[in-house]
There are 2 protein chains.
Amino acid sequence: MRSPKPHATTHLPEPGEPAPAVHRAASLAEEVYDAIFARLMALKIPPGARITVDNLVRELAVSQTPIREALGRLEGEGLVVKTHLVGYSAAPQITRRRFEELYELRLLLEPEMAGRAAARMTDAALAELTAAAGVMSRSGGIDERARYSQFARQDAVFHDQILGVAGNEMVRETLAHQHTHFHIFRLMFHARVTEEALDEHEAILAAFAARDADAARRAMRLHIERSRDRLLPAFEQ
Amino acid sequence: MRSPKPHATTHLPEPGEPAPAVHRAASLAEEVYDAIFARLMALKIPPGARITVDNLVRELAVSQTPIREALGRLEGEGLVVKTHLVGYSAAPQITRRRFEELYELRLLLEPEMAGRAAARMTDAALAELTAAAGVMSRSGGIDERARYSQFARQDAVFHDQILGVAGNEMVRETLAHQHTHFHIFRLMFHARVTEEALDEHEAILAAFAARDADAARRAMRLHIERSRDRLLPAFEQ
DNA sequence: CAATACGATTTCCTATAGGATTTCATATAG
DNA sequence: CTATATGAAATCCTATAGGAAATCGTATTG
């Protein structure tokens, strides 16, 4: 005689984040997806590591069905790979070749998008962008790793907001998608937060403030090229 | 487009046909994925239509588990959307806005890629490209719809092969992914196969034959712009 | 006619049992 | 000692049966 739990009151354990009082109408599969996604982004599941369904059943206190569904979705997004009769595992670390391809893609898209953003920039959007850039405080104090993790997140928000102003949602989604893969790489080889990156962001903001599309394009191109050169040594070791 | 995996040589049992006793190299979930993907691409499941798990259970003669897994993967790729306690449905038809964004994206990427392809072109690759373009025969005879369906497929192969020569796999995957969505749109409003498109392909080939990167860029840009203008009237009705 | 109540349908999720395959340790033959 | 074969454990994968929640249509009542 089994006594299944009522669905409406089941919540997945989200460490650090309190569950909302009102239950959002999200399926269990969706919550499982978020839980696994968070574990991947936090490197709690490192690249290439096995992901067994049984472990997740125990860890998340859900049956196999929503877990399989969530893993299928993660597979469709390329964050997880499946081998028949072996199981799921986190996607492998990005290769140098793929790293360079990503920066080629960014250089083809982001400078142009920055130019359009400058042409369409509003005062409200500029204020938001400045705020996002401002959060990346130069002040030390926190430990290096936590600080870089915060910088990586804020840098992503900054670039994403620019793409939002530029107005092409498809480009925005494409780069956001690639960024989720890239994020893991950045955290693995967490480079120091350089003052240069912050200077480059300010140069982009200055071009936006002047509504200078051409300067925005140049500043963005320079920023991405330098970002690439800063991270490239990670492959040399 | 699905990730490259060793492909199964076996198929799902046709209705009435018993399942083979020998073990299949590919998981059932993978075969189910292919089956649903094919139904979406062939418009057998039109955009927005409901996709119930039970129907697929009956139609494909497998249990719910692999079907849920496959639907999850399709959801991750954006070809299918899920609503809690309502179920799955095929992704809605592309909007005009999204159509224009796609062509912006293509114009930012494909001309540049065509230029690189021209610089890296080999005789073997050129022969393959010419063959792919040649399959799109100008001869009539077949009925209009089947002919356009064939053209759409071959056009996709042509562009994809160019991206392969250009050498950036990430760009190639990105555009292939977007193309699966776009393909459905093209079939819904199957425009006539114009002789123009074939002429444009030949112009691109000529630039490749001359290893002229600049001409390839121009020809590709013109081809995409004209393709956009040919399809745009579909939104006017 | 309008509003509510109720049942049927659909869908999500769970549970359990068992078959198939890989991996790894152990034993045996050369 | 090395290489191959055998067997056990772990894991994945499938099938089936059914409970809980939401939606929809219909019928009843004011």
Side-chain angles (χ1 to χ4, degrees), chain A residues 1-13 19 22-36 45 48-76 80-90, chain B residues 5-6 8-13 15 17-36 45 48-76 80-90:
Chain A
M1 201 61 60
R2 65 186 187 212
S3 56
K5 297 163 281 195
H7 302 153
T9 57
T10 40
H11 290 290
L12 290 179
V22 184
H23 183 256
R24 202 165 48 89
S27 65
L28 267 187
E30 211 166 322
E31 297 185 36
V32 170
Y33 174 91
D34 288 343
I36 302 175
I45 306 175
R50 293 280 296 273
I51 303 177
T52 71
V53 175
D54 284 354
N55 279 348
L56 289 173
V57 165
R58 275 189 293 276
E59 214 170 324
L60 304 178
V62 215
S63 79
Q64 296 192 0
T65 306
I67 290 175
R68 288 218 141 80
E69 210 166 316
L71 284 173
R73 186 166 150 197
L74 286 161
E75 191 196 5
V80 147
V81 292
K82 179 186 175 186
T83 313
H84 184 49
L85 289 174
V86 170
Y88 287 98
S89 54
Chain B
K5 274 191 178 178
T9 54
T10 53
H11 309 295
L12 286 171
E17 180 185 337
V22 284
H23 175 64
R24 295 173 287 272
S27 69
L28 267 188
E30 212 166 322
E31 296 187 37
V32 169
Y33 174 92
D34 287 343
I36 302 174
I45 306 175
R50 295 281 291 273
I51 302 177
T52 72
V53 175
D54 283 353
N55 279 349
L56 290 173
V57 164
R58 274 188 294 276
E59 216 171 322
L60 304 178
V62 283
S63 77
Q64 295 192 3
T65 308
I67 291 175
R68 287 201 189 300
E69 211 167 315
L71 284 172
R73 185 163 153 198
L74 286 162
E75 191 196 6
V80 147
V81 291
K82 179 186 176 186
T83 313
H84 184 49
L85 288 174
V86 170
Y88 286 98
S89 54

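A note on names: the letters A, B, ... follow the listed sequences, proteins ahead of strands, and every chain is numbered from 1. Keep in mind that this is a model prediction, so the values were computed, not measured. Below, all heavy atoms of this structure are taken into account, side chains as well, without hydrogens, waters or symmetry copies.
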Quiz item: For B/T83, which residues count as a side-chain contact (heavy atoms from CB on, under 4.5 Å) partner, sequence neighbours excluded?
Solution: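 If we apply the side-chain contact (heavy atoms from CB on, under 4.5 Å) test to B/T83, skipping adjacent residues, the hits are B/V86.
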Self-check item: side-chain contact (heavy atoms from CB on, under 4.5 Å) partners for B/V57, two or more places apart
Solution: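 B/V57 satisfies side-chain contact (heavy atoms from CB on, under 4.5 Å) with B/V53, B/Q64, B/I67 only.
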Quiz item: Taking DNA chain C as the partner, which of residues 63-72 of chain B come within under 4.0 angstrom of it by heavy atom?
Solution: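 Those residues are B/Q64, B/R68.
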Measure from [atom1] on [X] to [atom2] on [N] and round the result to the nearest Å.
X: B/D54; N: D/dA15; atom1: CG; atom2: P; answer: 14 Å
X: A/R58; N: D/dA10; atom1: CZ; atom2: P; answer: 11 Å
X: A/L56; N: D/dC12; atom1: CG; atom2: C1'; answer: 14 Å
X: B/K82; N: C/dT10; atom1: NZ; atom2: C1'; answer: 14 Å

Quiz item: Where do B/I45 and B/A90 come nearest, in terms of heavy atoms and distance?
Solution: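 Scanning both residues completely, I find the closest heavy atoms to be CG2-CB, 4.0 Å.
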Exercise. Quick one: closest heavy-atom pair of A/A70 and A/V32, and the distance?
Key: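 The answer is CB-CG1, 3.6 Å.
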Practice problem: Select one nucleotide: of C/dT14, D/dT14, D/dC12, the one nearest the side-chain heavy atoms of B/L28. | Solution: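 Nearest nucleotide to the side chain: D/dT14.
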Self-check item: With B/E69 via salt bridge (charged side-chain N to carboxylate O under 4.0 Å, His left out) - residues at least two apart
Solution: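 Once residues adjacent in sequence are excluded, the partners of B/E69 under the salt bridge (charged side-chain N to carboxylate O under 4.0 Å, His left out) criterion are A/R68, A/K82.
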Quiz item: Partners of B/S63 by side-chain hydrogen bond (donor to acceptor under 3.5 Å, both in side chains), sequence neighbours excluded?
Solution: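 Testing B/S63 for side-chain hydrogen bond (donor to acceptor under 3.5 Å, both in side chains), a comparison that skips the adjacent residues, returns none.
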Quiz item: Is any side-chain nitrogen or oxygen of A/R50 closer than 4.0 Å to OP1 or OP2 of D/dT11?
Solution: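 Result: no.
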